[in-house]
Amino acid sequence: MKREGIIMMAMLFILSAKSQTSLQKLYPVSFSNVKITDAFWKPKMQTVASATLDACVNYTQNKTGRIRNFENAAKHTGKHEGIYYDDSDVYKAIEAIAYSLKNYPDSELEKNTDQWIEKIAAAQLPDGYLNTYYILTDINKRWSDMEKHEDYCAGHLIEAGIAYYNTTGKGKLLNTAIRFADHIDSVFRLQNKPWVSGHQEIELALMKLYHHTQNKKYLALANWFLEQRGHGYGKGVIWNQWKNPDYCQDGIPVKDQRNITGHAVRAMYLYTGAADVAAVTGDNGYTTAMDAIWNDVVYRHLYITGGIGAQGSNEGFGKPYDLPNGTAYCETCASVGMVFWNQRMNMLSGDAKYIDILERSLYNGALDGLSLSGDRFFYGNPLSSGGNYSRSEWFGTACCPSNIARLVSALGNYIYSTSADGLWINLFVGSNATVALNNEKINMTMETGYPWKGKVKLEIAPDKKKYFDVHIRIPGWLNHPVPGDLYRYESSNTEKPEIHVNGQPFSYKLVNGYAVLSRTWKKGDLITLEIPMKVKRIKSNPAVRQNEGRVALQYGPIVYCVEGESKEYNSKNVILPPGAAIEVKYEPSLLGGINVLHFNAPVVTINEDGLSVSTTNRPVSAIPYYSWNNRGSRDMQVWLPSQIRQIRINE
Ligand code: FUB
Ligand code: ZN
């Protein structure tokens with residue numbers, strides 16, 4: 001197609017994007033307007049600011065050649081060290097640093113990051129291309145294998161550039177990212193040259209760039225990337241050797257997709273980007289696809305921890321209902337991706353079910369990826385262990401550490417939203433926030449002992465008296481573990497939290513999982529919410545054969561596990577019989593302060609004959625899943641048998 005024709009098509013896209021109506025209902029309040037005061041999250045954010053970022057910096061700059069690659073690329077000499085996607089870890093570390101600097105200014109860290117950025121910018125080629133792997137190996141091979149993560153790295157560069165600019169006002173990295181984005185636009189979209197991203201990420205990054213710059217070409221490019229998929233354009237190892245386009249969700253066009261396939265992180269980033277595009281263009285081809293795919297994930301592929309991706313072979317999804325515990329892959333990045341995608345789905349719909357899943361992935365599958373000390377990481381997050389699995393200081397493929405760091409540092413992004421008619425409270429996290437609602441300022445203060453206690457106090461202080469709705473999420477887990485029938489509570493109940501305004505009971509409507517409180521609000525109004533907290537016993541759908549006859553425990557949003565006590569019991573021998581009395585006790589000095597579930601359980605021992613077994617009743621304690629493996633390598637089980645015959649070696 002001639003250049004004029006392409007420009008015309010781009011203009012048409014831009015015009016039609018403009019004439020479409022935005023689908024976005026909710027607008028998250030940025031973490032930069034939210035100060036976290038929470039007893040649960042604040043210490044974790046501090047740990048990330050010190051220990052986790054320290055680990056990322058040390059491994060990026062000293063213990064591996066990631067920064068050296070940029071130095072060498074700038075000089076066009078030397079060998080590339082590491083893996084072809086390692087540039088992305090540098091960018092993700094910078095993004096995490098940028099978020100963290102907002103909360104915890106640190107001039108040394110900022111200075112060091114500025115030096116990284118100088119090196120990154122110096123490595124960029126005059127035409128805007130930037131990828132140390134190809135610059136240091138064979139630049140003539142660039143853009144030849146669509147799996148080689150060039151656009152994935154570009155996406156992380158864009159996210160980092162925006163984050164660093166927003167925190168520091170320094171634009172060097174952002175300008176570098178923009179030059180690379182423009183290079184990609186000119187090489188592909190404007191030439192109408194096919195390119196299927198082998199690892200999605202650039203779509204969501206371009207949408208951030210579009211919102212940051214208001215330049216519609218980035219929206220057009222994000223949409224273009226989405227539309228490249230599913231037409232057989234793929235070239236490179238995924239397509240030519242593995243012959244598996246579903247691995248990167250390229251089997252059919254995105255809008256025709258109805259089931260989840262392939263690599264979990266790729267899928268999460270893809271659908272996050274698709275939701276971002278749909279939010280602006282109003283293209284319900286994407287929302288129709290994603291509604292079906294979300295149901296498939298949540299109804300058939302979700303671990304109770306909110307983790308996804310059952311298989312290591314493809315780092316992704318397996319057969320429906322096939323959810324092995326011991327070999328569960330559940331990559332930390334995939335849970336981080338679940339947080340991203342579910343937030344976007346909530347923005348599009350105003351439905352709390354997405355925050356229910358977001359919360360489950362956040363407090364369990366994602367948080368498990370980080371040690372309490374902040375400097376050890378899980379890549380995969382299995383739901384049972386024989387005792388030989390531990391967090392590591394780092395990985396060859398090191399995507400997870402900086403991913404969990406950027407999520408926790410920007411936790412403030414997930415708590416509050418606004419819409420045309422009011423405020424939305426999504427997560428219960430102690431914080432002070434300043435929110436603009438129809439150009440008027442509202443201060444909010446939340447105090448809570450969540451996730452250990454259910455009481456939430458919320459002070460609303462508009463500058464002027466104002467009528468609006470306050471939507472408070474009523475946690476879905478009160479009555480069902482998750483939407484669909486993959487999991488259920490052993491005993492069904494209907495719980496509805498009480499809400500008081502200024503000490504008086506307030507009768508509220510429940511709309512899409514949110515309590516809606518409509519009234520004229522004035523400074524000092526106080527909402528109190530009492531979320532009933534009880535131990536919940538969870539059963540799996542019988543189609544999940546690995547959990548047959550087993551039960552998992554949850555308290556509040558937290559999923560529990562039993563860790564072995566070397567002298568007392570191995571977790572795989574602990575039985576949790578129906579009706580066992582379970583006592584909840586907050587233990588401030590254990591594992592950073594946690595609710596422990598105590599119960600007496602029959603523990604199986606193998607008799608001396610080696611053939612028969614007997615049981616002895618012992619006191620057993622269950623701890624939050626995210627906190628396991630912080631007292632050395634111990635065995636662990638999330639799903640406990642409820643009768644002796646169901647004891648099996650980990651599956
Ligand atoms: O390919 C880049 C990252 O490495 C992926 O997101 C992870 O799953 C790991 O494969
Ligand atoms: Zn990862």
Side-chain angles (χ1 to χ4, degrees), residues 48 52 55-56 59-60 64 66 69 82-93 95-96 131-133 145-157 159-160 196-205 234 236-238 242 244 246-250 260-273 303 305-318 327-341 361-362 365-371 376-382 391-408:
V48 166
T52 312
C56 290
Y59 271 93
T60 302
T64 71
R66 285 171 167 81
N69 282 337
I83 311 174
Y84 53 85
Y85 41 69
D86 281 359
D87 291 358
S88 66
D89 300 327
V90 181
Y91 304 144
K92 266 157 70 190
E95 187 188 345
N131 184 284
T132 66
Y133 173 73
D145 179 346
M146 298 180 186
E147 199 280 328
K148 277 286 190 294
H149 288 53
E150 291 152 283
D151 53 87
Y152 167 88
C153 291
H156 282 303
L157 171 61
E159 288 200 88
V196 179
S197 171
H199 193 315
Q200 303 88 323
E201 148 67 21
I202 190 149
E203 307 82 354
L204 74 89
V237 65
I238 295 174
W242 305 348
N244 186 10
D246 279 339
Y247 171 77
C248 63
Q249 300 77 37
D250 181 40
I260 193 73
T261 66
H263 187 274
V265 184
R266 285 168 162 87
M268 291 305 102
Y269 288 6
L270 166 65
Y271 301 126
T272 301
Y303 281 93
T305 54
I308 50 165
Q311 306 182 151
S313 54
N314 60 348
E315 298 194 302
F317 295 94
T327 59
Y329 200 68
C330 290
E331 185 181 335
T332 300
C333 289
S335 287
V336 172
M338 278 291 269
V339 172
F340 296 162
W341 183 35
S361 299
L362 174 68
L367 201 49
D368 187 55
L370 185 64
S371 69
R376 296 281 186 288
F377 310 94
F378 275 145
Y379 189 112
N381 296 270
R391 292 186 183 84
S392 304
E393 278 186 29
W394 198 247
F395 309 96
T397 290
C399 45
C400 298
S402 53
N403 229 351
I404 189 71
R406 66 183 180 143
L407 178 71
V408 173

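Read the numbers this way: they start at 1 and go in the same order the structure lists the ligands and their atoms.
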### Query
To the nearest 10°, how many degrees is the angle Cys400 SG to the Zn ion (ligand 2) to Cys333 SG?
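Rounding to the nearest 10 degrees gives 110°.
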Do me a favour and list the nearest non-hydrogen protein atom to [atom] with residue, atom name and distance?
| atom | answer |
| --- | --- |
| atom 4 (O) of ligand 1 | Thr397 CG2, 3.3 Å |
| atom 2 (C) of ligand 1 | His149 NE2, 3.4 Å |
| atom 8 (O) of ligand 1 | Glu331 OE1, 2.7 Å |

### Message
Which residue in the set Tyr329, Tyr247, Tyr269 passes ring-ring contact (aromatic ring centres under 6.0 Å, His included) when paired with His263?
### Response
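With His263 as partner, Tyr329, Tyr247, Tyr269 yield a single ring-ring contact (aromatic ring centres under 6.0 Å, His included), made by Tyr247.
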### Task
Find, among atoms of Glu331 that are N, O or S, the one nearest to the Zn ion (ligand 2), and state its name.
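Checking each N, O and S atom of Glu331, the shortest distance to the Zn ion (ligand 2) belongs to OE2.
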### Task
Scan Glu201, Glu315, Glu147 and name whichever one has a salt bridge (charged side-chain N to carboxylate O under 4.0 Å, His left out) with Arg266.
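Result for salt bridge (charged side-chain N to carboxylate O under 4.0 Å, His left out) with Arg266: Glu147.
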### Message
Any side-chain to backbone donor/acceptor pair from Gln200 onto Cys248? Under 3.5 Å, distance only.
### Response
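Yes; at least one donor-acceptor contact below 3.5 Å.
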### Query
Going by heavy atoms, is Tyr269 under 4.0 Å from ligand 1?
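For ligand 1, residue contact (heavy atoms, under 4.0 Å) with Tyr269 is absent.
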### Message
Taking a cutoff of less than 4.0 Å between a non-hydrogen atom of the residue and any ligand atom, is Cys333 in contact with ligand 1?
### Response
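No; Cys333 lies far enough from ligand 1 that no heavy-atom distance drops under 4.0 Å.
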### Message
Between Tyr59 and Glu393, is there a side-chain donor-acceptor contact under 3.5 Å, judged purely by atom types and distance?
### Response
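Yes, a side-chain donor-acceptor pair sits under 3.5 Å.
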### Query
Taking atom types as modelled and ignoring hydrogens, do the side chains of Tyr379 and Thr397 form a donor-acceptor contact shorter than 3.5 angstrom?
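Looking only at side-chain atoms, Thr397 and Tyr379 do not form any donor-acceptor pair under 3.5 Å.
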#### Entry: Region of Tyr379 that comes within reach of ligand 1 [heavy atoms, distance under 4.0 Å]
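It is the side chain that gets close, since no backbone atom is under 4.0 Å.
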### Message
Under a 4.0 angstrom heavy-atom cut-off, which atoms of ligand 1 come close to Cys399?
### Response
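Selected atoms, number and element: 3 (C), 4 (O), 7 (C), 9 (C).
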### Task
Pick, from His199, Glu201, Glu315, the option with the minimum heavy-atom distance to atom 5 (C) of ligand 1.
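Of the listed residues, His199 has the closest heavy atom.
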### Task
List the steps and the verdict of side chain to side chain contact (heavy atoms under 4.5 Å, CB included) for Glu95 and Ser402.
CA-CA 8 Å; Glu95 187 188 345; Ser402 53; over 6 Å; no
### Query
Does the pair Phe317 and Thr261 meet the rule for a side chain to side chain contact (heavy atoms under 4.5 Å, CB included), with working shown?
CA-CA 6 Å; Phe317 295 94; Thr261 66; over 6 Å; no
